[in-house]
Amino acid sequence: MDIRFYNTLTRSKEPFRTREPGRAAIYVCGPTVYDDAHLGHARAYVAFDVLVRFLRRSGFQVTYVRNYTDVDDKVIKRAAEAGTTPGELAERFIGRYREDMARLRVLEPDVTPRVTEHMPEIVALVQALVDRGHAYVLDDGVYFSVRSYNGYGRLSGRQLDDMKAGARVDVDDRKQDPLDFALWKVAKPGEPAWESPWGKGRPGWHIECSAMSRRYLGDGFDIHGGGMDLIFPHHENEIAQSVCATGAEFVRCWMHNGFVNVNKEKMSKSLGNFFTIRQAAEAVEAEAIRLYLLGTHYRSPVQFEVDVAEDGSLRGFPGLVEAERRLAYGYDVVRRLVRAEAQLAAKAKGEGKVPDAVAQAIKTFEESFGASMADDLNAAEALGHLAGLQRLANEFLDRGKEHAPADRLAATRRLRGAMAGAGAVLGVLEREPDEALRAIGATGLRRVGMSEADLDDAIGRRAAARKAKDFAAADRVRAELLEQGIELMDGPTGTEWRVVRA
RNA sequence: GGCGCCGUAGCCAAGUGGUAAGGCAGAGGUCUGCAAAACCUCCAUUCAGGGGUUCGAUCCCCCUCGGCGCCUCCA
């Protein structure tokens, strides 16, 4: 199947052709580690995690590099405020960031290089730019000359002169062009610094990605990703630096994810509509955040509706709660299949055969799912197909009793396999269902402020009333719990519950 | 000022030059002590509005209205 990705550089979907057959080299701009990761980071790194998972699943041998920018102005400033060193601050936030990513089920990249560990490569790249006449040295650092590269502006679709006219950049008379940017910054007293031919200092913002991507992936690697806000100037500058320093093509395909909007506006600190992954994961199961993000195509803005109380405090994320419910539905389907398999295995005689209608439906699902993902990672559409498969599984579980146990066993296994395949690509529904459902339940109870002990007590009282055929008393317990956001479900194995209130 | 994106049912959301996936909510049904879950059925003659191209447009072009983004640190 032809895999196609939208390339920002050409503004069109293109067939995915790698530099080397069967191998995909990917670099994604990682976080600057001076604060906790927010929902925007979640969105970006979930999107590229899906990219990597999908390519691996499609047979590519992927090398995925995602950096940590552990030294820059913000890190230095924040460390000073916190009374610590930039190194210690960065280390701490890298740790917290990795925890957040793990909760979102974002796989660890193959390489996670840090700027501070790649100074030789960075200095060499800057030196190459100076040698080739693309950079010039001032007393406070080395600057890249944007006028020296005639491809400048191609990625972001801008003309140098248009930007110059409207740019709100500081006018610095010493620079040859207002858009020239620092490759190397000479250190001020007290700042972290590394040796260089231009004095002790640190890299400018953009050069590290050029240096580290080349170090691990070489020239002309396959995909470079990041948020749309990085297109200009960050990625534009990376291209300029890399192409001018090496003379080779830098990247074959540029992929950018859309923003996170909170109540229709771009989430940003200045607007005060800013939420960290930790805050959201406090409100709902982290995997539900991932599922929610997957419901919108990665290039479109994703909306987060935030429920804010009259006093301005955060009440919750209704959309995330809905996603959590869908997640629970998904795990419930898996659990039903697992349980059915256990029962059927005892009864099945010989090799079974998946009933034709089921086999055909699963085949159609797998083709549709794959086609959606191959078409620029349309996870939202793929999720639509998955909904159909889940319904099919439940229907078969409910009504498939006329088939022989061996055939039913074959069908449930096949259904579970298809779901696992989809889950492995999307990074959802991969956990053990009982454990996941227990975690979702616990998160819900926390949300409505009820303890498990109180809930168990209420369920016990109702069970006693039911046993005594005092249905009025039993229904009162049900109503009370519903009032508190808990819904009871009587099943063959006892009473189960779920949290229904947002 | 320059560049660009978006506007699809109550809400979220995918999508295509040939007549609108999916989810949530809602209605009815099967099941149930009652419920819930699960399943079944229904739920946009219509894709902001107006022109145009076309045999045919929600999808292509133009205009209007509305919302947003980048050009400055940002995923």
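Fair warning: this is a prediction, and the values are worked out from it, not measured in the lab. Here is how names work: the chains are called A, B, and so on, in the same order as the sequence lines, proteins then strands, and each is numbered from 1.
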Practice prompt. Using a 4.0 Å heavy-atom cut-off across all strands, classify A/Leu230 as base, sugar-phosphate, or nothing.
Written response: sugar-phosphate
Does either side chain, that of A/Thr116 or that of A/Asp70, offer a donor lying less than 3.5 Å from an acceptor on the other one?
yes
Under 4.0 Å, heavy atoms only, any strand: does A/Asp229 hit a base, just the sugar-phosphate, or nothing? base
Whole-Å distance, A/Met489 CE to B/rC31 C1', equals 15 Å
- Item | Sugar-phosphate only, base, or nothing, as touched by A/Gly258 at under 4.0 Å among non-hydrogen atoms | base
field: Whether A/His403 and A/Phe396 hold their rings parallel, tilted or perpendicular, with breakpoints at 30° and 60°
entry: parallel
If you compare every side-chain N and O of A/Tyr329 against the phosphate oxygens of B/rC39 (OP1, OP2), does one of them come in below 4.0 Å?
yes
Indicate, with a heavy-atom threshold strictly under 4.0 Å, whether A/His234 touches base, sugar-phosphate, or nothing. nothing
Whole-Å distance, A/Trp254 CH2 to B/rA75 C1', equals 14 Å
* Hey, does the side chain of A/Arg66 come within less than 4.0 Å of B/rA75's phosphate (OP1/OP2), counting only N and O? -> no
Is there a donor N/O on one and an acceptor N/O on the other, under 3.5 Å, for the side chain of A/Arg462 and the base of B/rG33?
yes
Just call it for A/Glu305: base, sugar-phosphate, or nothing, with non-hydrogen atoms closer than 4.0 Å on any strand.
-> nothing
**Message:** Using a heavy-atom cut-off of 4.0 Å across all strands, would you classify A/Glu381 as base, sugar-phosphate, or nothing?
**Reply:** base
At under 4.0 Å between heavy atoms, what does A/Lys74 touch on the DNA or RNA strands: base, sugar-phosphate, or nothing? sugar-phosphate
When rounded to whole Å, the OH to P distance for the pair A/Tyr331 and B/rA38 reads 17 Å
* Asked: Reckon A/Gly227 touches a base, only the sugar-phosphate, or nothing at all at heavy-atom distances under 4.0 Å?
  -> sugar-phosphate
| task | Remember a base hit wins even if backbone is also touched, and classify A/Phe232 as base, sugar-phosphate or nothing at under 4.0 Å, heavy atoms. | result | sugar-phosphate
Rounded to whole Å, the CG-C1' distance (A/Asp35 to B/rA75) equals 14 Å
Worksheet item: Hey, does A/Phe259 reach any base, or is it just sugar-phosphate, or nothing, if we go heavy atoms under 4.0 Å?
Response: base
Rounded to whole Å, NE2 of A/His385 lies from C1' of B/rG23 at a distance of 14 Å
(message) Looking at B/rC73, I'd like to know if its phosphate oxygens (OP1 or OP2) sit under 4.0 Å from a side-chain N or O belonging to A/Lys77.
(response) no
>> Any side-chain to backbone donor/acceptor pair from A/Arg336 onto A/Leu397? Under 3.5 Å, distance only.
In response: no
Taking atom types as modelled and ignoring hydrogens, do the side chains of A/Asp490 and A/Thr495 form a donor-acceptor contact shorter than 3.5 angstrom? yes
Would the A/His224 and A/Tyr27 ring centres measure less than 6.0 Å apart?
yes
> Touch check for A/Gly226, heavy atoms < 4.0 angstrom, all strands: base, sugar-phosphate only, or nothing?
Replying inline: sugar-phosphate
A/Glu487 CD to B/rC34 C1', in whole Å, measures 13 Å
Ignoring hydrogens and geometry beyond distance, is the side chain of A/Arg391 in donor-acceptor contact with the base of B/rC39 at under 3.5 Å?
no
Problem - Proximity of A/Phe93 and A/Tyr97 rings by center, below 6.0 Å - result: no
- Using a cut-off of 4.0 Å on non-hydrogen atoms, how would the nucleic acid contact of A/Val260 be classed: base, sugar-phosphate, or nothing? base
Notebook entry, point to check: For the side chain of A/Arg78 and the backbone of A/Val33, is there at least one donor-acceptor N/O pair under 3.5 Å apart?
Noted result: no
* Remember a base hit wins even if backbone is also touched, and classify A/Ala387 as base, sugar-phosphate or nothing at under 4.0 Å, heavy atoms. => sugar-phosphate
Margin query: By the 4.0 Å heavy-atom rule, please label A/Arg326 as base, sugar-phosphate, or nothing.
Written below: sugar-phosphate
Is it the case that the base of B/rC34 and the side chain of A/Asp490 share a donor-acceptor contact (distance under 3.5 Å, atom types as modelled)? yes
To the nearest angstrom, the CE-P distance between A/Met267 and B/rC68 comes to 18 Å
Practice item. Determine: side-chain N/O of A/Asn261 to OP1/OP2 of B/rC68, distance under 4.0 Å, yes or no. Key: no
In Watson-Crick or G-U wobble terms, with both distances under 3.5 Å, the base opposite B/rG1 is B/rC71
note: A/Phe181, atom CZ; B/rC71, atom P; distance rounded to Å ~ 15 Å
| query | Taking atom types as they are modelled, is there a donor-acceptor pair under 3.5 Å from the base of B/rG33 to the side chain of A/Arg466? | reply | yes
